[in-house]
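Take a look at the structure below.
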Amino acid sequence: MVPKSKIWLFLGLLIILAFTLASCAQPEEPPEEVATQPPATQPAPAEEPDPGEEPPAEEPEEPPPPAADGPEGTLVVALSTFPNTLDGNLTAERQAHNAAGGLYDSLVWIDDDGEIVPALAESWEISDDGLEYIFILRQDVTFHNGEQFNADAVVYSWEYYRNPELAWNERWRLADNVEKVDDFTIKITTDDPKPMLLRTIAIDWSIVPPLYHQELGEIEFGNNPVGTGPFEFVEWVKGDRIVLRANPNYWDEGYPKVETLIFRPIPESSTRVAAIQTGEVDIVPRLSADEAESLRGVPGVEVISYPVSRVFYIAFNNVTSGVGQPTEDPLVRQAMNYAVDIEAIVDALFDGQAKPSTGFVATGEMGYGAVEPFGYDPDMARDLLAQAGYPDGFEMGFACPAGAYTNFEEVCQAVQAYLGEVGIVTDLEIMESGYYWDLEAAKELPPLFGDSWSEISGEAYNRMAGALLGWDASYSSWEDATIKDYLHRISTTVDFEERLKLYEDLQAFMMEDPPFIYLYEPFAFEATRDYVRDYRPRSAEQYYLFYTWVDK
């Protein structure tokens, strides 16, 4: 047993060390010239599970209405990562999707009350058996390049992005067929009832212009994107800024409220803190609790905090690099969960502003609370390793992204240290986040790797499917027939009680046969300048800036 005082000293040293490592591991991207959504909060499930105890979110005062009739002013938003693309269907992480999201619309969207409401589709009907959806499309919408939005654009987008070679294709493959009925009517069919289909369409189907997309191809489209959204693309100077402007012909009259929207990638959180203090940027995400506290009382700065529907974890890879490794044994994976003191990490690195996670289901989602965290028990970890035939431990590769999440490099180093205390020696590599996610999508990361998954649909299915469908999901590193069977049944079960039971049973299985070292659910801390109005971040750290404006 390692004394707590030693652990706290170790974690304190890690914080100092990690700043050095992160700055070394996160290379600056030289500026490179590249050619010149509607809202939603965390949706409520069909019935409200017990949300657990959370600190109350800080409620901003009701903003006054914008003075101008049309879009006006400039809003500058910091990003914690460098986006991999501005194709909204292929973005690798939430911050990249936030930068790209305002360029696009989907058929439906999720409003502030969690309701599914019209977007590019004016209305829809679902057959009695739940297998057929008829959507009536808007007839007055054009893409930013003047191309007409119609049924052909929807069919093209579905046919292109369901390609198994592309990231997130599993979200498009929830539909078994998408066909044109007439120019402004489409029919979507599924082989089984898909209770998550409409929410998945709202979140993940960004409709693209067929002629322009075919002309440019996938890579160039991601550099020069065109959609129907409230903002149009102006320029992307890689490593420096992404500039968007208000779409003057947006179909939702009266939006957006701001004329120019600029995203600034600033991976170093300390630099983001300095940027909000000087007014270089107007909104900064992913601050630590200490950084947020340091900004309280700073003239012109307001701090925001809220619970996040996000789970952090260390993934086990059993599809490529982990094949034949000790982690194929569930006893070893249980041992590695017992070996890590999550509460000490939360206290030391997050000032207690997070809590241990379980079962890959976040607080407030359907089935939350069905299982308890492993807890810290290094003696149990050693016993399980001995039972599995590894009394002296073993060595294994380990990777984590740099600059992507608050204090995550330090978290990974703490995990490495805890594993080392029970004899598991890991060679931890901290990688630039864009490169890291490219490797993750290609399933080329080491047998252990750290990441995080947010979810905005109101339940855990998309998070679980994305991380646990093995070769059938872009960012999954775990293949297990029992898990895939559970997920299939969850995806086709409409009855709430049956669906709830499936979630609970699956979580119990995932504790006995864990695909992850379960880490924590965080609380988010952000800051804005005091002239930013109607900024509405959501519980998955996503935001929709078409109704945000600046009062200066």
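None of these values were measured; they are calculated from a predicted model.
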- Message: ring pair (Phe, Tyr, Trp, His ring centres under 6.0 Å), that's the test. Do W205 and Y104 meet it? Break it down for me.
- Response: CA-CA 9 Å; W205 289 26; Y104 306 94; over 10 Å; no
- Side chains of T406 and P522: closer than 4.5 Å at any heavy-atom pair? no
- Task: From the options Y520, F516, W478, select the one residue that forms a ring pair (Phe, Tyr, Trp, His ring centres under 6.0 Å) with Y313.
- Result: F516
- Message: Is it the case that the side chain of Y461 and the backbone of Y503 share a donor-acceptor pair, with hydrogens and angles ignored and the cut-off at 3.5 Å?
- Response: no
- Message: Do S474 and N169 have side chains that approach each other closer than 4.5 Å (heavy atoms only, starting at C-beta)?
- Response: yes
- Are any non-hydrogen side-chain atoms of V415 and L519 less than 4.5 angstrom apart? yes
- Item | L90 and Y161: CA distance, side-chain angles, deciding distance, side chain to side chain contact (heavy atoms under 4.5 Å, CB included) verdict | CA-CA 9 Å; L90 300 177; Y161 291 103; 4.1 Å; yes
- Query: Could you give all pairs that pass the salt bridge (Lys or Arg N to Asp or Glu O under 4.0 Å) test and reach residues 89-101, with sequence neighbours left out?
  - Reply: E93-R286
- Output yes when a side-chain donor or acceptor of E479 lies under 3.5 Å from a complementary backbone atom of W471, and no otherwise. yes
- Message: Apply side chain to side chain contact (heavy atoms under 4.5 Å, CB included) to residues W453 and M464 and explain how you reach the verdict.
- Response: CA-CA 9 Å; W453 205 296; M464 287 183 157; over 6 Å; no
- Would you confirm whether D341, through its side chain, and Y376, through its main-chain N or O, come within 3.5 Å as a donor-acceptor pair? no
- Message: Could you measure the distance from the CD atom of E115 to the CD1 atom of I110? Nearest 0.5 Å is fine.
- Response: 10.0 Å
- Message: Quick check against the 3.5 Å criterion: does S477 have a side-chain atom that pairs as donor or acceptor with the backbone of F316?
- Response: yes
- Message: Which label fits Y486 and F509: parallel for a plane angle under 30°, tilted from 30 to 60°, or perpendicular past 60°?
- Response: tilted
- First locate atom NE2 of H488, then atom OG1 of T493, and finally report the distance between them rounded to the nearest 0.5 Å. 8.5 Å
- Determine the minimum heavy-atom distance between R272 and P285, stating which atoms define it. NE-O, 3.2 Å
- Between A175 and T190 the two heavy atoms that sit nearest each other are CA-CG2, 4.2 Å
- Item | Main-chain N/O of E410 paired with N407 side-chain donor or acceptor, under 3.5 Å | no
- Using atom types as modelled and distance alone, determine if a side-chain donor or acceptor of D351 lies under 3.5 Å from a backbone N or O of Q353. no
- Min side-chain heavy-atom separation P83-F263 under 4.5 Å: no
- Message: Quick one, L287 with I276, criterion side chain to side chain contact (heavy atoms under 4.5 Å, CB included). Give me CA distance, side-chain angles, the key distance, then yes/no.
- Response: CA-CA 11 Å; L287 301 174; I276 194 72; 5.9 Å; no
- Item | Pairing residues for E444 by the side-chain hydrogen bond (donor to acceptor under 3.5 Å, both in side chains) criterion, not counting sequence neighbours | none
- If you measure from CG on N84 to OH on Y436, what distance do you get to the nearest 0.5 Å? 15.0 Å
- Task: Measure the spacing between NZ of K443 and OG of S476 and express it to the nearest 0.5 Å.
- Result: 5.0 Å
- Query: Looking only at atom types and distance, does a side-chain atom of D204 sit under 3.5 Å from a main-chain N or O of R171, one as donor and one as acceptor?
  - Reply: no
- Item | Approximate separation, where rounding is to 0.5 Å, of E268 CD and S80 OG | 11.0 Å
- Between CD on residue Q325 and CG on residue L448, distance to nearest 0.5 Å: 9.0 Å
- Knowing that exactly one of E512, E504, Q507 qualifies, which makes a side-chain contact (heavy atoms from CB on, under 4.5 Å) with V371? Q507
- If you look at every heavy atom in P373 and S357, which pair is closest and at what distance? CB-O, 4.4 Å
- Message: Show, in sequence, the C-alpha distance, side-chain angles and deciding distance for D383 and Y338, and conclude whether the side chain to side chain donor-acceptor pair (under 3.5 Å) test is met.
- Response: CA-CA 11 Å; D383 288 345; Y338 283 117; over 6 Å; no
- Considering the options E521, E455, E541, which one meets the side chain to side chain donor-acceptor pair (under 3.5 Å) requirement together with R310? E541
- Query: Taking all atoms of both residues into account, what is the closest heavy-atom pair of I304 and P537, and its distance?
  - Reply: CG2-CG, 4.4 Å
- Query: Are the charged groups of E459 and R499 less than 4.0 angstrom apart, N to O?
  - Reply: yes
- Task: Could you walk me through whether K355 and T363 pass side chain to side chain donor-acceptor pair (under 3.5 Å), step by step?
- Result: CA-CA 10 Å; K355 64 180 182 179; T363 302; 2.7 Å; yes
- Query: Going through the checks in order, is the side chain to side chain contact (heavy atoms under 4.5 Å, CB included) test met by I266 and L79?
  - Reply: CA-CA 6 Å; I266 307 176; L79 301 174; over 6 Å; no
- Message: Check this for me: does any side-chain nitrogen of one of D472 and K484 sit under 4.0 Å from a carboxylate oxygen of the other?
- Response: yes
- Would you say P267 and F82 make side-chain contact, with heavy atoms under 4.5 Å? yes
- Note on the structure: Sorted by chain and number, sequence neighbours left out, side-chain hydrogen bond (donor to acceptor under 3.5 Å, both in side chains) with Y518 holds for none
- Task: Determine, for R296 against E293, whether the closest basic-nitrogen to carboxylate-oxygen distance falls under 4.0 angstrom.
- Result: yes
- Item | Partners meeting side-chain hydrogen bond (donor to acceptor under 3.5 Å, both in side chains) with D513 (sequence neighbours left out) | R333
- Is there a side-chain contact between L439 and F449 (heavy atoms, below 4.5 Å)? no
Only distances under 3.5 Å count here; give the side-chain donor-acceptor pairs of residues 388-400 to other protein atoms, sequence neighbours excluded, each with its distance to 0.1 Å.
none

- Of all heavy-atom pairs between G359 and M510, which one has the smallest distance, and what is that distance? O-CE, 4.0 Å
- Message: In the structure I gave you, are the side-chain heavy atoms of Y535 and I283 within less than 4.5 Å of one another anywhere?
- Response: yes
- Message: Treating E409 as the side-chain partner and G403 as the backbone partner, does any N or O pair qualify as donor plus acceptor under 3.5 Å?
- Response: yes
- Task: For S491, check side-chain hydrogen bond (donor to acceptor under 3.5 Å, both in side chains) against everything at least two apart and list the hits.
- Result: none
- For the residue pair T91 and T85, establish whether any side-chain heavy-atom pair is separated by less than 4.5 Å. yes
- Any donor and acceptor pair, going by atom type alone, linking the side chain of Q416 with main-chain N or O of T426 inside 3.5 Å? yes
- Note on the structure: For A92 and W437 the tightest heavy-atom approach is CB-CB, 3.9 Å
- Item | Whether N318 side chain and E328 backbone form a donor-acceptor pair below 3.5 Å | no
